[in-house]
2 protein chains.
Amino acid sequence: MDYRTGQRIVAETARRTESRYGNRPTMKDVAARAGVGLKTVSRVVNGEPGVTPDTERRVQEAIDALGFRRNDSARVLRKGRTASIGLVLEDLADPFYGPLSRAVEEVARAHGALLINGSSAEDPDREQELVLALCARRVDGLVIIPAGDDHRYLEPEIKAGVATVFVDRPAGQIDADVVLSDSFGGARDGVAHLIAHGHRRIGFIGDMPRIHTSAERLRGYRAAMEDAGIPVEDAWMSLGVTDPQRVRKAAEDMLSGPSPVTAIFAGNNRVTVTAVRVIAEGSRPVALVGFDDIELADLLQPGVTVVAQDAAQLGRTAAERLFRQLDGSLVLPERIELPTRLITRGSGELPPSD
Amino acid sequence: MDYRTGQRIVAETARRTESRYGNRPTMKDVAARAGVGLKTVSRVVNGEPGVTPDTERRVQEAIDALGFRRNDSARVLRKGRTASIGLVLEDLADPFYGPLSRAVEEVARAHGALLINGSSAEDPDREQELVLALCARRVDGLVIIPAGDDHRYLEPEIKAGVATVFVDRPAGQIDADVVLSDSFGGARDGVAHLIAHGHRRIGFIGDMPRIHTSAERLRGYRAAMEDAGIPVEDAWMSLGVTDPQRVRKAAEDMLSGPSPVTAIFAGNNRVTVTAVRVIAEGSRPVALVGFDDIELADLLQPGVTVVAQDAAQLGRTAAERLFRQLDGSLVLPERIELPTRLITRGSGELPPSD
DNA sequence: TAGAGCCTGGACAACGTTGTCAGATGCGGG
DNA sequence: CCCGCATCTGACAACGTTGTCCAGGCTCTA
């Protein structure tokens, strides 16, 4: 008995010492100070009815005096919903994802939710790790730009009620909502545009074909070439390169081989930027169409013709669908494909140089 | 009694119905299935020692079978730390903030923390709302790019132990860690660069002076002009405009007034982009130096000379400081100023055109 | 073989909030 | 003057986890 009492005093002292820094007032503290019950504080904090103005004022004063802030962790534990959603993308530093993320955030905000986001760095393991960490935090929903191609690990989560929407690329091995740009159609149109301007030897530089958008764009390229009856040479295609040096090498190779290309179709914004550089350094004009719009593209000489997708619209559409899942107004997974838009600015309209 | 029993049955039924969708297994469920105690499950989940391999296997099987995922809200409630930090910035869609955010995320990840971020849209009220929402979720720390100039509302939070670092602009009315770029020095150097190339009538287009960086850059502009003994005319300065149309108007005005400028110093990346456009449309060459680097700046004709700041480094520095606060290895708030770098690419070296 | 000491497992309280329900208070009418 | 009713307030359990502490079974030694 003495021993236990001693223990308690030690614990109490430790707690009090620590409380100067790191312990926050709780509703109980507020209640004690205001001389009311715990639940009354809860009512005031949440704006529930049934509190006299006088009582409310006393409680409010105590709240202000103590600097009380409701602990949402406890609230979540009780209520079950966190009012937060997770966004997993590839790299927030990529200018394509900034507007997308912002759009998701705005929709979340309109629904009173916060956004937690993480970058997968195009690594499937890291994607899974992130997604599961978000699930452990009990986000209400997930917007995922997948890096991996197997999302069966999400099945228990989805079954448990986590709303899920995939963006930019479809989910692997599971049936889920997907919002995509029309990569195939966009690429086909872009390449057809080059063909229409007289090109026949057209290069394609894209990311790894295991990435759905890359594969689709490659398919679009092939389709356009085939439609025009042009056989594609292997030397015209570079797949899986994305870092500037290797893109540079790939572009230089296609421009200098035995049957050099007269035009390049760039599979994404980063490739486009590097391609612009390589072409600008070369002496002869090379036509270029890029997938994804890039800033200042209109100010270059010539302006860069692009197949633009609306990143913000992609994010908005996905987030709205997510919240409709949460409302319960959605039942069956769907695949939504947003159109792309060819923006001609000059580089895609250059005639072949030979 | 009957009534209460009735109630209970209704509740039970509702719960069971719902449980197919929306209720997740808990450690208790896992324990029951594995035939062990609650705490044993906790030990397995957290990799704590003191569990026989055989027991561990049984527990693990139950976890997999039920699709159990630890509820971090409950964990947080118990442990006090959330392993998450908040980042409040102006607009994630702005290319300046993408790399910054990503850098913060990487540091957080290295410390096992998740990043919750929000955009203030340069609105002080929204900033406060966001910050307090983050505090309610008990983030361990906050990285804030302030929109407002009074942060006294944060005092109770900081006192309660929320680590806080301000980035890009200093905190208002409170003493806190700040990580900044040297806006004053950078702007002064940039303007001096123009002066060194023979310019005397130099325009300045910047954001609202209530934003610290804008004020500092304006001060740098004035200092450089004063150092060179050049009196500044009001018509050369445009403050508080940031949307493209108004920047355009401002630039056109300075270029066509009674004493037109021969060079423009652009106060931030968005202004720079618009200035490039206006200048490109005009007939006579106008020199330009911009604050913040922009993508493709080197490919324009002429290349855009800029005063570059390292957004990623800003974020990294701030986040590292944040975690050092959390380690307890930091005591006094400090102000860290990172240098800027003048990158000459052509536009800033053009001679005056008259 | 008994006792000491270690290892494993489990019962229980606590974290801070909210939902439920019952008690207290005040008011008007019979 | 008392009762019924409406309004306001508070006690208590529960959410799912972790820390503390104790019990029981084991091994090892004297």
Side-chain angles (χ1 to χ4, degrees), chain A residues 3-4 7-8 10-12 14-15 18-19 22-32 34-56 58-59 63 66 68-83 136-138 160, chain B residues 1 3-4 7-8 10-12 14-15 18-19 22-32 34-59 63 66 68-83 136-138 160:
Chain A
Y3 173 70
R4 289 193 53 178
Q7 280 288 63
R8 258 192 215 137
V10 169
E12 272 292 293
R15 178 166 175 184
E18 188 194 18
S19 83
N23 262 357
R24 310 194 57 134
T26 70
M27 285 191 178
K28 204 166 147 191
D29 300 327
V30 174
V36 301
L38 183 53
K39 181 64 210 201
T40 302
V41 177
S42 172
R43 275 193 268 264
V44 172
V45 169
N46 295 296
E48 287 170 28
V51 180
T52 343
D54 181 56
T55 311
E56 176 165 358
R58 285 214 320 283
V59 171
I63 288 175
L66 295 173
F68 167 79
R69 189 94 49 211
R70 181 181 64 198
N71 184 332
D72 276 358
S73 290
R75 176 167 222 251
V76 160
L77 184 57
R78 198 56 238 260
K79 307 204 78 160
R81 282 246 165 140
T82 57
R137 276 173 216 230
R138 295 292 187 271
Chain B
M1 185 64 165
Y3 174 68
R4 287 192 54 178
Q7 280 287 64
R8 257 190 216 138
V10 169
E12 272 292 294
R15 181 170 173 178
E18 188 194 18
S19 83
N23 262 358
R24 311 191 58 134
T26 71
M27 285 192 179
K28 206 165 145 192
D29 301 326
V30 175
V36 302
L38 184 53
K39 180 65 209 200
T40 303
V41 177
S42 173
R43 275 194 268 264
V44 171
V45 170
N46 295 296
E48 287 170 28
V51 180
T52 343
D54 180 57
T55 308
E56 175 164 358
R57 189 186 45 73
R58 284 212 324 281
V59 171
I63 289 176
L66 295 173
F68 167 80
R69 189 93 49 212
R70 182 179 65 198
N71 184 331
D72 276 358
S73 290
R75 176 168 223 250
V76 159
L77 184 58
R78 197 56 238 261
K79 306 205 81 162
R81 283 246 166 139
T82 57
R137 286 193 200 214
R138 296 292 187 270

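Below, chain A is the first sequence line, B the second, and so on; all start at residue 1. Atoms considered below: every heavy atom in the structure, side chains included; atoms not considered: hydrogens, waters and symmetry mates.
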Mind listing the N/O atom pairs, protein and nucleotides 4-8 of chain D, below 3.5 Å?
residue	atom	partner	partner atom	Å
D:dC8	O3'	A:Thr52	OG1	2.9

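A pairwise comparison of heavy atoms in A:Ser73 and B:Val76 identifies OG-CG1, 3.1 Å as the closest pair. Taking both residues in full, the closest heavy atoms of A:Val59 and A:Val30 are given as O-CG1, 4.1 Å, listed atom of the first, atom of the second, then distance. Of all non-hydrogen atoms in B:Phe68 and B:Val45, the two that sit nearest each other are CE2-CG2, 3.8 Å.
With sequence neighbours left out, the side-chain contact (heavy atoms from CB on, under 4.5 Å) criterion links A:Leu38 to A:Met27, A:Lys28. Remark: A:Arg75 pairs with A:Asn46 by the side-chain hydrogen bond (donor to acceptor under 3.5 Å, both in side chains) rule, at least two apart or across chains. Every residue meeting the side-chain hydrogen bond (donor to acceptor under 3.5 Å, both in side chains) condition with B:Thr82, not counting sequence neighbours, appears here in chain and number order: B:Ser84, B:Asp140. Partners of A:Arg69 under the salt bridge (charged side-chain N to carboxylate O under 4.0 Å, His left out) rule, at least two apart in sequence or in another chain, are B:Glu157. Partners of A:Arg138 under the salt bridge (charged side-chain N to carboxylate O under 4.0 Å, His left out) rule, at least two apart in sequence or in another chain, do not exist in this structure.
Note that CG of B:Asn71 is 6.0 Å distant from CG of A:Leu77, once rounded to the nearest 0.5 Å.
Within 3.5 Å, a donor on the side chain of B:Lys39 pairs with an acceptor on the base of D:dG19, or the reverse.
Between B:Leu38 atom CG and C:dC12 atom C1' there is a gap of 10 Å when expressed in whole angstrom units. Rounded to an integer number of Å, the gap from B:Arg24 CZ to D:dT17 C1' is 15 Å. Distance A:Arg138 CZ to D:dG16 C1': 9 Å, rounded to the nearest Å. Across the protein-nucleic acid pair, A:Met27 atom CE and D:dA11 atom C1' stand 16 Å apart, rounded to whole Å. Counting to the nearest Å, the C1' atom of C:dG19 and the CZ atom of A:Arg43 are 10 Å from each other. One atom, NZ of B:Lys28, and another, C1' of C:dC12, lie 13 Å apart when rounded to the nearest Å.
As judged by a 4.0 angstrom heavy-atom cut-off over every strand, B:Val45 is placed among residues making no nucleic acid contact.
For the helix from C:dT1-D:dA30 to C:dG30-D:dC1, the end axes, each set by the C1' atoms of five terminal pairs, are bent relative to each other by 60° (nearest 10°).
Within residues 68-80 of chain A, the residues having any heavy atom closer than 4.0 Å to DNA chain D are, in order of number, A:Leu77, A:Arg78.
Within the structure, salt bridge (Lys or Arg N to Asp or Glu O under 4.0 Å) contacts touching residues 43-56 of chain A (residues at least two apart or in different chains) are A:Asp54-A:Arg57, A:Asp54-A:Arg58.
Annotation: of the two residues near DNA chain C, B:Gly37 and A:Glu48, the 5′-most nearest-nucleotide partner is B:Gly37.
Proximity of B:Thr40 to the phosphate of C:dG10: a side-chain N or O atom is located under 4.0 Å from OP1 or OP2.
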